[in-house]
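Read through the structure below, which is laid out as structure tokens, and then see the notes.
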Amino acid sequence: MEGEAIPVLRAVDFGEAKLLPDVDRARAWLLTVDGAPQSYVDLADPEHLEFEYVRRVAYVVEAVCDTREAPVGIVHLGGGALTLPRRFARTVPGAVQDVVEADRGLAGLVAEYLPWDAPEVRTHVADAREWLAGRADASADVLVVDVFGGSRVPAHLTTVECATEAARVLRPGGLYVANLADAAPFAFLGSQLATVRAAFGPDTEVCVLVEPGVLRGRRYGNAVLAVARGPLPADVVARRCAADPFPARVLGTEEAVRAFPGAPVHDAEAADSPEPPGGAFTIG
């Protein structure tokens, strides 16, 4: 890709993907699918994270990994443009990463236009839940879940049964982090908090990272849900979130349960996450 970067449009398995060059950063690209932003990656600076919610996921993962002496195994359910795997390859030394992406066409597009040769990162084209079911017990230290079909989380990834598979795969002391999106009165976020607590156990430490405007019910937006089987350095995460250009609140277990009440979701009644309001995440 020499010379001036131009947009790339391609039909992929689950929609129409666009790669849009950033006019302000020479080697940076925005990936959208059916108009919904999926990833942003800067090939010249893989540690740069443009989206606020992605930075919040990174703050949690890196804070926990900073406490580990041995190399960690990180599983990403949802690949996109491999934004976080590229960053963690630099910020989490020795990490071995597995990336699971269901859209073969999208994975091919990213490999062609945003290439990255990293032997410690393995990409698997598969449904996230099916791949997780085939993973060995206690075989990962961190599980990052960021799977959207367009702008909605698929139903089969919102249930106690799915979260139980995640809990099975994580080692003692493991960390589960999920990107979600909702608006007041937070029925979906509340159900997902209850779902992971049912799967991991009610005594497991959790936290929710959310922008104040979303928390106050002013708008629809992302929320990051973290579940830790070991110590969760919430104070470190809170400081990093507070120092971010777009600060976020960090709600611990008790505060999160009060703010986001709900009941666990099981396979029999599962539904996709709510449709965002018009224009909430759409670009182009």
| request: Report yes if some heavy atom in the side chain of L30 is under 4.5 Å from a heavy atom in the side chain of D22; otherwise report no. | output: no

| said: With a 3.5 Å distance limit and no angle check, can you tell me whether D34 reaches the backbone of E16 through a side-chain donor-acceptor pair? | reply: yes

| query | With sequence neighbours left out, which residue pairs that include part of residues 146-167 fulfil the salt bridge (Lys or Arg N to Asp or Glu O under 4.0 Å) condition? | reply | R152-E275, E165-R168

| remark: So ring-ring contact (aromatic ring centres under 6.0 Å, His included) across residues 160-217, not counting sequence neighbours, yields Y176-F200, F186-F260

| query | Counting N and O atoms only, with roles assigned by atom type, does the side chain of R229 sit under 3.5 Å from a partner on the main chain of A167, one being a donor and the other an acceptor? | reply | yes

| note | Paired with V250, the side-chain contact (heavy atoms from CB on, under 4.5 Å) test is passed by just one of V237, V236, L232, namely V237

| query | Under 3.5 Å, side chain of Q38 to main-chain N/O of S151, donor-acceptor pair present? | reply | no

| Are any of the side-chain heavy atoms of V196 and Q192 separated by less than 4.5 Å? | no

| note | The salt bridge (Lys or Arg N to Asp or Glu O under 4.0 Å) partners of E255 (sequence neighbours excluded) come to R249

| message | Could you check whether any side-chain N or O of R55 sits under 3.5 Å from a backbone N or O of L49, counting only pairs where one atom can act as donor and the other as acceptor? | response | yes

Do any side-chain atoms of residues 206-217 form donor-acceptor pairs under 3.5 angstrom with protein atoms, and if so which ones, sequence neighbours left out?
residue, atom, partner, partner atom, Å
E211, OE1, G213, N, 3.1
E211, OE1, V214, N, 3.2
E211, OE1, R219, NE, 3.4
E211, OE1, R219, NH2, 2.9
E211, OE2, G213, N, 3.0

| By side-chain hydrogen bond (donor to acceptor under 3.5 Å, both in side chains) - contacts of T164 (at least two apart) | none

| query | Under the ring pair (Phe, Tyr, Trp, His ring centres under 6.0 Å) test, which residues partner H124, sequence neighbours left out? | reply | W131

| query | Looking at side-chain heavy atoms only, is the closest gap between V8 and L109 below 4.5 Å? | reply | yes

